[in-house]
Trainee: 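I am attaching a structure below and will ask some questions about it afterwards.
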Amino acid sequence: MEPFPSDRIQLPRNMIENSMFEEEPDVVDLAKDPCLHPLEPDELEYEPRSSRLLVRGLGEQEMDNDEEDYESSAKLLGMSFMNRSSGLRNNMSVYRQNANGSCSMPSTRAMVVCTVVLVIAVSLIMAIYLLPKCTFTKEGCHKKNHTMELIYPLATNGKMFPWAKIRLPPDVVPLHYDLVLQPNLTTLKFAGSVKIVVNIIQVTWKIVLHSSGLNITKATITSAEGHQAKPVEFLEYPLHDQIAVMAPEALLVGHNYTVNIEYSSNLSDTYYGFYKISFKDENSKQRWFAATQFEPLAARSAFPCFDEPAFKATFLIKMKRDEKLLTLSNMPKKATTPVTNGIVQDEFFVSLKMSTYLVAFVVADLKNISRETNGSLVSVYAVPQHLNQVGYALNTAVKLLEFYQKYFLINYPLEKLDLVAIPDFQSGAMENWGLITFRETTLLFDSNTSSARDKKLITAVIAHELAHQWFGNLVTMEWWNDLWLNEGFATFMEYFAMEEIFPELHSDEDFLNLIFKAMMKDSLNSSHPVSSAVQSSEQIEEMFDAFSYIKGASLLLMLKHYLTKDVFQAGIEVYLHNHNYGSARSDDLWDSMNEITNGTLDVKKLMKTWILQKGFPLVTVVRKGKIISVQQEKFFYSMEPENWTSDASYLWHIPLTYITSSCNFTHCTNAYLLDQKSAVIELPEEVEWIKFNVNMNGYYIVHYAEDWKMLIDLLKKNHTALSPKDRASLINSIFSLASLGKESLEKAFELIDYLNKESSTAPITQALFQLSLIYSLLEKKGEQELAARVMHRIDHLLGDKIDQQHWTDDGTLSERELRSTLLAFACTHDMRNCRTTATEIFEKWMKSNGTMSLPSDVMKAIFTAGAKSSDGWEFLLKMYSSSSVPEAEKSKMVEALASTEDVRKLIWLMQNSLEGEVIKAQELSHIIATVSQSLPGYLLAWDFVKENWEKLTQKFHLGSYTIQNIISWSTSQFATKAHLLEVKSFFESKSEESSQLRCVKESIDTIQLNIQWMERNLAKLQNLL
Ligand SMILES: [Zn+2]
């Protein structure tokens, strides 16, 4: 999945995401052990809700207090493990060992009470005598005694539900699904029936599977011998989205049975499951569209299924539809047959073995263009009025598909690949096998209104989703703790493929900016290891974050450079071949790489230090003649810089790279593996300067303890001695170190003094990012005069460059992108005469009633300037509502609308986007991001989030990437103790699931660090600027 692509390319606009500092860790972290962890995340065995479930089943007294006691986050599970050994908070483990077998099949409420009493009594005794003997690993208590299953919650009908865990039991596995669906775009409901062929692994009387919000009317079980289907009892347990189909007789090991379930439901109002979309056709008439978004946990709300990624099966899908509409699914269509008047049924070919979250279908009026490549038909679909914008996507998809097949040495295995633009879509895109769904702005390219940046975005998202056809679809992570195997890989391949096929897009510079952003989050206490234990739906949703995507990808980038590209590619081929149509864990990837390195290098040992530890290393370099001393420690922000000490237990195996004044091209990059706390490197000769982490290909920051002056001078004298990415990384490092208190802010400002000679996008973008962070904090703090001095400094450094920009789409893609960045920044901050020029162009455009063609790269700057006046704003809104305006243009309009200083308009905009009628709800997080950066808007945005929290979490799901963004943006500008308290108490007043979100903790960290940064630097800035 591509979570929120509009945030990815346009860093300069929305750059102030998090602040720069960290406090000391205070949470026991599973991954703290330097490199080899006794407990890997997925080796933990826990059934944390068992005791609670039992009591919940007894009555309607909800166990809120118990729930508060329950440790839900991955980190706390680690802590819980520590605590258990001290004999505290261990009810559940005690239950697990000691529940009385005689109560194993209770069927009445009285029996439940009996169980409770018995269990509590036995627990108390066993807690004292037996607990220390328990080791909580795979081979621990759980395997010795399976009595955990004896403690059950109650189903909706009051009967005992025969399963208590969130994860499904392993005793039954699905082999094949026959799914028939009949969506009705008039009543906005759907009816369905599913036949699931299952195989029995362990004798059982029950088949437990997922179902959410479905009105099940009938269930039957048939044995493979073909006996008549027998209606059977089914039980529902909505808290875990589970149902249990109760067999009339024991289901025998090795036998296959067919479960048949009939049900109905409403098309969803959210962006999850099988959901409805309202849009306007070319005649401005309202039309309906239905599509699916199942990842991670919503397949269960479209059909009952075994909704965990490792339960792969084949799918035969049939869709009944209005004969005027079109249906698409993962596989090509096999046949269409009439059903009743005006209704026909499409049958699709049986799918390959795949996970439920990849199943997809679409019902709509769509048009397409297609092209065949290597035996697969690639098609791009859109609503009819957008068919003229699908050409670029088709060309790009075909090129990328061909590239991946060559790179992986595995053909794309389906006969077709559809890419569909969905008119309202929460994320950027979704990689459903054979049927990739996109937001319209990430697939449709309009030659008149799509900018250089839009082109980059569309290319990147297609590259990402196509990579998933192998990483994710062919080989899937076994469980969501290793989501990075899907998302980190797809992100890595996205940038790698773009560099190979579309080098003119310079996508590597975008990736670099994303890595800087991920590192900022990773230096906060709220960070987590890339591979982290997860169980609840919120925890799973929260895995879709910068660590799974960007950190995962940048670790692969680092590994590729260390192993060399041929070894890395060979390792990937082995991994894909060894696990195709199956599931994998992180270790499987390292084992595949080790097959290639053949003992010369232990990839697993090296990479575990990066995957299982949160944060990243700070490498301090001290040079004395030819001798270079290097030392590593964890990069983190201390609240008391004078007492700065790093956590000594962290140790990474860092593949260091460096270039020097006598050897400064990529062909003579030097490498050294730092797998100790410190080491000494001897150079063949003395050098003028040395730069580590070449092109920022490694996930670490370097501090040149006594050498910053040398690098500052180098940039001043001859900045092109270093690559643009190296220059950007120096800017990022020195500002990060200044925030840490390891280097002075003065030196950081001195380093960027060379910028008036700079012409590359990456260093300019990074410098603007750092200065904007400071500007925004000062502005919100009421330090307007000082903020103006920051802006003056930017003007001094980049003013000439801004003046040189033309209001056209001329030049290379890189030049065009730099122009977009500089002019959008200048117009937003009223620098030079940007606003005057932009306003003049806007007025001409308005006079032409929007028919005059505008240069696409500077369109946003023009609209932003135009939206400052009330007339301009109203006109933009009118144009936005017109169905004839391309989506690429609309997205620029929406950003401009959100940049107004009129608070009533801002409130109206947020409210209407939440309602989704005039402004699409998919735009809301973007609107909140823009509003929360401005002085008139930042308090409004937070108020809006508070007032609409329930609606927001209902629409976008707690923990989703959208909610993460909304929380992060709407609190990012706070730098006072009052705001800190307010944000804390707001989330504390909500459910425990809300207050325990990682993104809430991240926001609180950020505010604390903003406060600290201000206290530390305000006086210094007075002197400095
Ligand atoms: Zn993805």
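In listed order, ligands and their atoms are each counted from 1. These values consider heavy atoms only, across backbone and side chains, with no hydrogens, waters or symmetry-generated copies. Index from 1, following the sequence.
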Trainee: Might you point out which heavy atoms bring Thr441 and Ile458 nearest each other, and give the distance in Å?
Mentor: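 Closest approach of Thr441 to Ile458: O-CG1, 3.8 Å.
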Trainee: Give the minimum heavy-atom separation between Gln535 and Ile166, together with the two atoms involved.
Mentor: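 So the two residues come closest at CG-CD1, 3.6 Å.
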Trainee: Between Tyr275 and Tyr271, how do the two ring planes meet: parallel, tilted or perpendicular, split at 30° and 60°?
Mentor: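 Tyr275 vs Tyr271 ring planes: perpendicular.
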Trainee: Taking all heavy atoms of Ile436 and all of Met430, pick out the closest pair and write down the distance.
Mentor: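 In this case the closest contact between Ile436 and Met430 is CG2-O, 3.1 Å.
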Trainee: May I have the angle between His464 NE2 and His468 NE2 with its vertex at the Zn ion (ligand 1), rounded to 10°?
Mentor: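 Between NE2 of His464 and NE2 of His468, at the Zn ion (ligand 1), the angle is about 100°.
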Trainee: Taking backbone and side chain together, does Met1 place any N/O/S atom at a distance below 2.8 Å from the Zn ion (ligand 1)?
Mentor: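 Yes.
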Trainee: In Glu487, what N, O or S atom is nearest to the Zn ion (ligand 1), if we give its atom name?
Mentor: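 Closest to the Zn ion (ligand 1) among those atoms: OE1.
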